[in-house]
Q: 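The structure that follows is given in the form of structure tokens.
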Amino acid sequence: MFSTSGYFTRIICFALVSLFLNISQGFSQDNTPVVLKGQILESGTGLPLKLVIVAASATGDITETNDEGRFEIEIPDLNGQLMVNLPGYTKRGIHLNGQNDLTVYLVKSTFGSIDDNVVLPMHTKASRDVVDPVASIKSSDINKMPANSTDGLLQGNAPGLNVVRHSGFPGHKTWLSIGGVSSIYAKTQPLLVIDGMIHEYNYADQSVIDGFSFNPFDVVDAEDIANIAVLKGNLASWGSNGSNGLIYINTEQK
């Protein structure tokens, strides 16, 4: 005589065994490391770079490239990130996206790269991930500029930024605008932010003494500047003050 309860019991047992086997197989697959291979080359010459540090972000495992610029490293899967670093070159973060054989090109730090970090008031991003138009000036570039004031460092180094000096006196205030004058009566100068704090500098328009107006940028020593970012978009997150763009000065924290 056919037993319905026994039939369903066998069905349930079979399903549980199948589920257990599938889970076990999944765990065994997830725990199996993947060997990632690749080569590191210099972007300008195409020559291999040796002793490049290659690190897996997920595990922290580190290896180095050989004389031919090649490397092998074990990683949990092909969906993580690989960090590539060599002194004198821009550090790179490579998202694998399923790739198991990489060819990575490094750019010397003296040149601009899409992997350069842009320090913004709220966060730090790679140049390739920045949505708003931005010009970044690094400390290494600042040290090469002949300027007697901090705002003078911006002259000719931030596309779209107009820097007009009131006179030839050292330390004299300059007039700044991004993309030209947008209003006759309203303030058209960009917002100034130093180390995350808004710095008001329009007061200097009324502080003229014997034909000399003080320069609010003098509160920042050019030797302390780590980088400068000039954001040229209409920054709604900063309210109406950000409608004329923003200049962010990041000083070295000691």
Q: Kindly compute the distance separating CG (Asp77) from CG (Leu96), expressed to the nearest 0.5 Å.
A: 8.0 Å
Q: Spell out, as yes or no, whether a donor-acceptor pair under 3.5 Å connects the side chain of Asn250 to the backbone of Ile228.
A: no
Q: Do Asn79 and Asn97 touch side chain to side chain, with heavy atoms closer than 4.5 Å?
A: no
Q: State the CD1-CG distance between Ile40 and Leu47, to the nearest 0.5 angstrom.
A: 14.0 Å
Q: Using every non-hydrogen atom in the two residues, find where Val35 and Glu72 come nearest and quote the distance to one decimal.
A: CG1-OE1, 4.1 Å
Q: Just wondering, do Leu246 and Val193 contact through their side chains at under 4.5 Å, heavy atoms?
A: yes
Q: Check whether Leu41 and Val52 end up in the same hydrophobic cluster, where Ile, Leu, Val, Met, Phe, Trp and Tyr are linked by side-chain heavy atoms less than 4.5 Å apart.
A: no
Q: Using 0.5 Å steps for rounding, measure from the CG atom of Leu106 to the CG atom of Asn85.
A: 8.5 Å
Q: Give the minimum heavy-atom separation between Asp61 and Glu74, together with the two atoms involved.
A: OD2-O, 4.0 Å
Q: To the nearest 0.5 Å, what is the distance between OG1 (Thr103) and CD1 (Ile94)?
A: 11.0 Å
Q: Of all heavy-atom pairs between Gly93 and Met83, which one has the smallest distance, and what is that distance?
A: CA-SD, 3.8 Å
Q: Indicate yes or no: at least one non-hydrogen side-chain atom of Tyr89 is less than 4.5 angstrom from one of Leu49.
A: yes
Q: Taking everything shown except Glu64 itself, do over 12 heavy atoms lie less than 6.0 Å from its CD?
A: yes
Q: Counting C-beta onward and ignoring hydrogens, is there a side-chain heavy-atom pair between Phe71 and Leu82 closer than 4.5 Å?
A: yes
Q: Evaluate the side-chain proximity of Ile247 to Leu191: yes if any heavy-atom separation is below 4.5 Å, no if none is.
A: no
Q: Determine whether Ile225 and Ile249 make a side-chain contact, defined as any pair of heavy atoms from C-beta on separated by less than 4.5 Å.
A: yes
Q: Would you compute the distance between atom CD of Glu68 and atom NZ of Lys50 and round it to the nearest 0.5 angstrom?
A: 12.0 Å
Q: Please find the pair of heavy atoms, one from Val34 and one from Pro76, that lie closest to each other, and give the distance.
A: CG2-O, 4.0 Å
Q: So how far is it from Thr65 OG1 to Gln39 CD, rounded to the nearest 0.5 Å?
A: 9.0 Å
Q: For a quick test of reading the model, state the closest non-hydrogen atom pair linking Ile73 to Ala56 and the distance between them.
A: CD1-N, 3.9 Å
Q: Quick one: do Val84 and Ile53 satisfy side chain to side chain contact (heavy atoms under 4.5 Å, CB included)? Show the steps, please.
A: CA-CA 6 Å; Val84 181; Ile53 299 175; over 6 Å; no
Q: Group every Ile, Leu, Val, Met, Phe, Trp and Tyr by side-chain heavy-atom contacts under 4.5 Å, then state whether Leu86 and Ile62 land in the same group.
A: no
Q: Any donor and acceptor pair, going by atom type alone, linking the side chain of Thr251 with main-chain N or O of Asp224 inside 3.5 Å?
A: no
Q: May I ask you to decide if Tyr105's main-chain N or O and Arg92's side chain share a donor-acceptor pair within less than 3.5 Å?
A: yes
